[in-house]
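Presented below is the structure to which this report refers.
Here is how names work: the chains are called A, B, and so on, in the same order as the sequence lines, proteins then strands, and each is numbered from 1. Source: prediction; values computed, not measured.
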Number of protein chains: 2
Amino acid sequence: MKASVDTILEQLEQATALEDMQAVAEALRDRFNVSHVVYHWVSSSGEQYGCGTYSIEWVERYLEKEYLRVDPVITGCYNSFHPVDWKQLDWSGKATRQFQKEAIEYGVGRQGYSIPTRGPNGQYALFTVTDDRSDEEWEEFAEANRRSLIIVAHAMNEKALELEPGREGPPITALSPREVDAITCLALGQSRAQAAQKLSISEHTLRVYIESARHKLGALNTTHAVARAMQRGLIVV
Amino acid sequence: MKASVDTILEQLEQATALEDMQAVAEALRDRFNVSHVVYHWVSSSGEQYGCGTYSIEWVERYLEKEYLRVDPVITGCYNSFHPVDWKQLDWSGKATRQFQKEAIEYGVGRQGYSIPTRGPNGQYALFTVTDDRSDEEWEEFAEANRRSLIIVAHAMNEKALELEPGREGPPITALSPREVDAITCLALGQSRAQAAQKLSISEHTLRVYIESARHKLGALNTTHAVARAMQRGLIVV
DNA sequence: TGCCCCCTCGCTATTTCTGGGGAGTTGAAA
DNA sequence: TTTCAACTCCCCAGAAATAGCGAGGGGGCA
C-alpha cells in the first residue's frame with residue numbers, strides 16, 4: 001500500500017531528526033515507484049548532509065572521493081533554479097565518465113531528475129529521484145510528476161533548514177556597513193590601497209575592517225572572507 | 001483600455017531592444033493599475049541595467065549614489081528565491097532610512113513587491129511593482145496577482161538575458177579541471193602552499209593554474225578571480 | 001551612566017603573492 | 001599528423017598582504 005503524497009508531506013512535517021527524513025525518502029521512493037529518492041545538501045559552511053535510499057557504500061565513496069566536485073549534477077544544477085533531467089547535463093570529460101560508471105555500478109539509476117533548492121545562508125540542496133526506466137518512460141514520468149516533485153523538494157528544503165546540523169555553531173553575524181564596503185571592494189578586484197581610496201579612508205582603517213570581517217566570518221584569509229561573504233549573500237557583487 | 005497580461009507577454013516576446021521592454025513595463029503598470037513597474041538587473045560583470053516607469057531623476061540618483069549597496073530590496077531579495085513584500089524587509093539603519101525617505105520623495109510608492117530572478121552566469125534581477133495603496137489593499141493586490149507577477153517576472157528575465165548588453169564582451173570561458181581545483185582551494189581559505197599540497201602538485205604549478213584562471217576570468221587578482229568564479233557558479237563551495 | 005560596537009588612525013616585521021621569463025609531456029581534436 | 005590545450009616543473013625580485021600591538025571619538029541601548 002502506497003502512501004499518498006499528502007500523507008508523506010504530513011509525515012515530513014512531523015520530522016524532528018534526519019532519520020525521520022530518511023523514512024520520508026523511503027516513503028517517497030515507494031510512492032513514486034522509482035529506484036532512489038535522495039535529498040542532499042551543502043550547508044553554509046560547506047559540509048554535506050543528506051538522506052535517501054542510496055546504499056551506504058555509495059554515499060561513503062561519494063564523500064571519500066569528494067565527488068561533489070566531479071558530479072555534473074551538482075555543478076550543472078548550481079546555476080539552475082529549475083528542475084534538471086540528468087540527460088540535459090554534460091557527461092563528457094574523463095573524470096565525469098568514470099564517476100558515471102561507478103555510480104551505475106553502485107546502483108544509482110541511469111535516469112535522474114534533480115531539483116535544486118536554496119537556503120537563506122548559501123545552503124544548496126538537491127532533491128533527486130533516479131530510476132532505470134527507458135528514456136520515453138522517464139520523460140513521461142518526469143512530466144507527470146513535475147509539480148509534485150517540486151512541492152516535495154521545497155518541503156524537504158524547509159525541513160532540512162530547520163534541522164540543519166551545525167546550527168549551534170558560530171552564528172552568522174552580519175557585517176557592519178563599512179565592513180561590507182571593504183569586502184565588496186576586494187571582491188571587485190581592488191587592492192587594499194585602491195579600496196581605501198575609493199572609500200576615502202586610510203589603508204590602515206581599511207585593514208581593520210577586513211580583519212574584523214575576517215574574524216566575524218571565521219575566515220582564514222582575505223580571499224576566504226570574500227568567498228564566505230559572497231556565499232552567505234552578505235555582499236552584492 | 002487595458003491590455004491583458006497575455007497580450008503584454010506577447011508584446012514582450014517581440015521585444016528586440018531595451019525600449020521595447022520599457023514599453024512593456026508601462027503596459028504592465030496600466031494593466032495592474034500600480035504606480036510603477038520596474039525591471040532592474042545586474043549583469044555578470046556587475047553593471048546595472050533596467051527598464052521601468054521610475055522618473056529619470058530617481059534612476060540617475062540611484063546609480064550615482066550607488067544605492068545598490070544600500071537598497072534593502074536588493075540585499076533582502078539577494079538570498080530569496082521567492083517574491084518579497086517590501087514590508088518584510090529590514091528598513092532600520094541610518095543610511096537605509098535616508099534612502100527610503102528619498103525614494104518616497106522621488107515618487108517611488110510606499111508599498112512594493114519584488115520578485116528576484118537569476119541568469120545562468122550570476123545575473124541577478126528584480127521585477128518590482130510599487131504603489132501607494134493602504135497595507136490591506138496592497139496585501140490583497142499582491143495575493144491576487146502573485147501568480148501573474150511571477151510569470152511576468154520570469155518572462156522579463158528571459159528577455160533580459162537575451163538582450164543583455166555586454167554580451168559581446170569576453171566570453172565566459174570554462175575553467176579547466178585543475179583550475180577549478182585550484183580556485184576552489186583558495187575559496188576555502190587555503191594558502192597557495194596548502195592548496196598545492198592538497199592537490200599534490202608543486203606550488204609553482206599551482207600558481208600557473210591560478211594565473212591562468214585569473215586571465216580567463218579577466219580578474220585583477222586572486223581574490224577577484226575567486227569572487228568571479230563563485231559568482232559565475234564555476235566552483236562549488 | 002556605563003557598556004559595547006562602530007569608525008578612524010598609527011607602527012613593525014614577517015610571510016605571501018605577483019608578474020615576468022622558459023620548457024617538457026600527454027592526450028584529444030582537427 | 002599536426003596542433004593545441006592541459007598539466008607539470010623551475011627561477012627571481014619587487015610589491016602586497018598579514019598578524020600582532022595600541023589609541024581615541026561617536027552613537028545607541030539599557
Side-chain angles (χ1 to χ4, degrees), chain A residues 69-70 90-98 170-228 234, chain B residues 69-70 90-98 171 173-228 234:
Chain A
R69 315 255 174 243
V70 177
D90 176 18
W91 292 90
S92 65
K94 217 165 90 180
T96 308
R97 285 193 181 285
Q98 172 62 19
I172 292 173
T173 332
L175 300 178
S176 80
R178 279 315 230 183
E179 286 161 0
V180 171
D181 291 343
I183 298 292
T184 301
C185 286
L186 297 181
L188 293 172
Q190 292 164 6
S191 70
R192 298 203 300 200
Q194 290 173 314
Q197 200 184 354
K198 166 131 195 217
L199 299 179
S200 308
I201 53 176
S202 76
E203 193 178 329
H204 302 284
T205 304
L206 185 88
R207 277 175 41 198
V208 174
Y209 295 144
I210 298 171
E211 283 297 288
S212 167
R214 195 166 62 79
H215 282 116
K216 283 184 182 174
L217 295 165
L220 300 168
N221 54 45
T222 301
T223 300
H224 195 197
V226 168
R228 291 201 144 183
L234 300 177
Chain B
R69 316 254 173 245
V70 177
D90 177 18
W91 292 90
S92 65
K94 218 165 93 179
T96 308
R97 286 194 179 284
Q98 172 62 20
T173 332
L175 300 178
S176 79
R178 280 314 230 183
E179 285 161 0
V180 171
D181 291 344
I183 297 293
T184 301
C185 285
L186 297 182
L188 293 173
Q190 292 164 8
S191 69
R192 296 202 303 199
Q194 290 173 315
Q197 199 183 355
K198 167 133 194 213
L199 299 179
S200 308
I201 53 177
S202 77
E203 193 178 329
H204 303 283
T205 304
L206 184 89
R207 274 176 46 196
V208 174
Y209 295 143
I210 297 171
E211 283 298 287
S212 167
R214 197 166 62 79
H215 282 116
K216 284 184 181 174
L217 294 166
L220 299 168
N221 53 45
T222 301
T223 300
H224 195 197
V226 168
R228 291 203 145 183
L234 301 177

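- Summarising the local packing, CD of B:Gln194 is surrounded by more than 12 heavy atoms from other residues, nucleotides or ligands at distances under 6.0 Å.
- Across all non-hydrogen atoms, the minimal contact from B:Ala195 to B:Leu206 is CB-CD2, 3.9 Å.
- Between A:Lys216 and C:dC6, a side-chain N or O to OP1/OP2 separation shorter than 4.0 Å is present.
- Distances shown here put a side-chain N or O of B:Thr222 below 4.0 Å from the OP1 or OP2 atom of C:dT18.
- A donor-acceptor pair is defined here as one N or O able to donate and one able to accept, closer than 3.5 Å; such a pair exists between the side chain of B:Thr184 and the backbone of B:Val180.
- Looking at the side chain of B:Arg192, the nearest of the listed nucleotides C:dC9, D:dA6, C:dT18 is C:dT18.
- Look at NE2 on A:His215: it is 13 Å from C1' on D:dC21, rounded to the nearest Å.
- For the pair B:Arg69 (side chain) and A:Asp181 (backbone), a donor-acceptor distance under 3.5 Å is absent.
- With DNA chain C read from its 5' end, the first of the two nearest nucleotides for B:Gln190 and A:Glu203 is the one closest to A:Glu203.
- Across all their heavy atoms, A:Leu220 and A:Arg214 have their closest contact at O-NH1, 3.4 Å.
- In this structure, the CG atom of B:Leu199 is 11 Å from the P atom of D:dC9, given to the nearest Å.
- The side chain of B:Arg178 approaches D:dT8 more closely than any other nucleotide in the set D:dT8, D:dA19, C:dC6.
- Using a 4.0 Å heavy-atom cutoff across all strands shown, A:Ser191 reaches sugar-phosphate atoms only and no base atom.
- If you take CD of A:Glu179 and C1' of C:dC6, they are 8 Å apart, rounded to a whole angstrom.
- Residue A:Ser176 places at least one side-chain N or O closer than 4.0 Å to OP1 or OP2 of C:dC7.
- B:Asp181 places its CG atom 14 Å from the P atom of D:dA6, with the value rounded to the nearest Å.
- What separates CG of B:Leu206 from P of C:dT18 is a distance of 11 Å, to the nearest Å.
- Between A:Arg207 and the phosphate of C:dT8, there is no side-chain N or O to OP1/OP2 separation shorter than 4.0 Å.
- Rounded to whole Å, the distance from CD on B:Glu211 to P on D:dC9 is 17 Å.
- Map A:Arg214 and B:Pro177 each onto its nearest nucleotide of DNA chain D; the residue landing nearer the 5' end is B:Pro177.
- Between A:Lys94 and B:Leu186, it is B:Leu186 whose nearest contact on DNA chain C lies nearer the 5' terminus.
- When the side-chain nitrogen and oxygen atoms of B:Thr205 are compared with OP1 and OP2 of D:dC10, none of them lie within a distance under 4.0 Å.
- Rounded to a whole Å, the NE2 atom of B:His204 is 17 Å from the P atom of C:dG22.
- At least one side-chain nitrogen or oxygen of A:Tyr209 sits closer than 4.0 Å to the OP1 or OP2 atom of C:dT8.
- The nearest whole Å value for the distance from the CD1 atom in A:Ile201 to the P atom in D:dG25 is 20 Å.
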